[in-house]
Every structure is written in structure tokens, then in C-alpha cells.
Amino acid sequence: MRANVDISRIDPKNRIQGPGLTKPGVVILQFLFIALAMAIEILFRGNVGLITGIALWISFAGGIYLGRKGTMFTSVVTPPLAFALWIILLLPTLGGSTLRISRFAIDLVSGLAGIAPFLVTGAIAGWVIYFAREKSRDKSVKE
């Protein structure tokens, strides 16, 4: 049975309704998105790299774009923390490496080396946006 939907009545400007994600919503979205990208890449490549890096950039941008007013700090801080947690949890379990500390340390350092440019550029962009918004907010409060 098909439902009759009038596509002409859908307003493309108002697809997302409401003020946006709360701080816990931003954290959950970023944690799950980064975990999904890392799991896929670890299963296929054995370590993290380009796909996870792009997912980190998207999670920075998505948190900033989809978050409510006041969630900017959370949007900038969460992706590196989520990455650190997931690399410790997912790399030994999905990566196929054993729980030998020497092998895990090598995998961890090589994973961090492959992701470092994405983490650094994403964090710098996020903090620049955060401080620019805080500065503009302070100017509007003073006036």
C-alpha cells in the first residue's frame, strides 16, 4: 500500500526543525560517527587513516553546524577524545593485533601518526570558529 505524499508541499528551507542538538546529542553523534568510520577502516585496512580523518573533519563540522547555541565548546573538544577512546578500544579488538603491549603500542603510534594532520587541522579550525563566535558574542553584549 502506497501513501500519497505531496512532494510540492515540502519546504526545503525547513527540513530540520527545532533549535538543534543539545550537548549530549552532539557528543553521542560524534562518538558514534567516529566509531563507525574507524570500525569500517580498521576492518578493511587494519589501521586508521584517510576515512577516519575525513570522519573527524565531518564530526567537527557536524557538531558545529547541528549543535544549539552554547554547544560549540563541546563540538570542538569531543572528536579528539572520542578518537582516543575508540582507538584504544577498537584497534586491539578489530585490528587483529594481539593484546601484546609492544604490538599494541606500535599500532597505536602508527594510527595516531596517520590521523595527526586531520586532528590538528580540525581542532585548529574548530577553535578558530569558537573564539571568533565568542569574540562576536562579547562585542554584541558590550554594545
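Because only heavy atoms are used, hydrogens play no part in the values below, and waters and symmetry mates are left out as well, while side chains stay in. These numbers come from a predicted model, not from an experiment. Just so you know, residue 1 is the first one in the sequence shown, and it goes up from there.
Side-chain N or O atoms of Arg68 include one that pairs as donor or acceptor with a backbone N or O of Gly20 at under 3.5 Å.
For the atom pair OG1 of Thr22 and CD1 of Ile28, the computed distance is 7.5 Å after rounding to the nearest 0.5 Å. The CG atom of Leu66 sits 9.5 Å away from the CD atom of Gln30 when rounded to the nearest 0.5 Å. Atoms CD1 and CG, from Ile51 and Leu56 in turn, are 12.5 Å apart once rounded to the nearest 0.5 Å. To the nearest 0.5 Å, the span separating CE on Met38 from CG on Leu43 amounts to 11.5 Å. The line from CE of Met72 to CD of Glu134 is 8.5 Å long, rounded to the nearest 0.5 Å. Atom CZ of Phe31 sits about 6.5 Å away from atom OG1 of Thr78, to the nearest 0.5 Å.
Between Lys23 and Gly70, the shortest heavy-atom contact is CE-O, 3.0 Å. Residue Leu112 comes nearest to Phe83 through the heavy atom pair CD2-CE2, 3.4 Å, listed as atom of the first residue, atom of the second, then distance. Listed here is the closest heavy atom pair of Val26 and Ser75: CG1-OG, 3.5 Å. Between Ile64 and Gly126, the shortest heavy-atom distance links the atoms CD1-CA, 4.2 Å. Contact between Ser59 and Ile34 at its shortest, heavy atoms only, is OG-CD1, 3.6 Å.
Between Thr71 and Leu21, every side-chain heavy-atom pair lies at or beyond the 4.5 Å cut-off.
The local environment of CZ in Phe73 is sparse, with at most 12 non-hydrogen atoms from other residues, nucleotides or ligands closer than 6.0 Å.
Under the 4.5 Å side-chain heavy-atom criterion for Ile, Leu, Val, Met, Phe, Trp and Tyr, Leu29 and Val76 are members of distinct hydrophobic clusters. Transitive grouping of hydrophobic side chains (ILVMFWY, heavy atoms separated by less than 4.5 Å) keeps Leu32 and Leu89 in distinct clusters. Under the 4.5 Å side-chain heavy-atom criterion for ILVMFWY residues, a single connected hydrophobic cluster contains both Ile129 and Trp127.
A donor and an acceptor atom, one from each side chain of Trp86 and Thr52, are nowhere located under 3.5 Å apart.
Other members of the hydrophobic cluster containing Val120, listed by chain and number, are Ile124, Val128; membership follows side-chain contacts under 4.5 Å among ILVMFWY residues, whether direct or relayed.
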- Task: Would you check, one step at a time, whether the test ring pair (Phe, Tyr, Trp, His ring centres under 6.0 Å) holds for Trp57 with Phe60?
- Result: CA-CA 5 Å; Trp57 279 346; Phe60 275 115; 9.3 Å; no
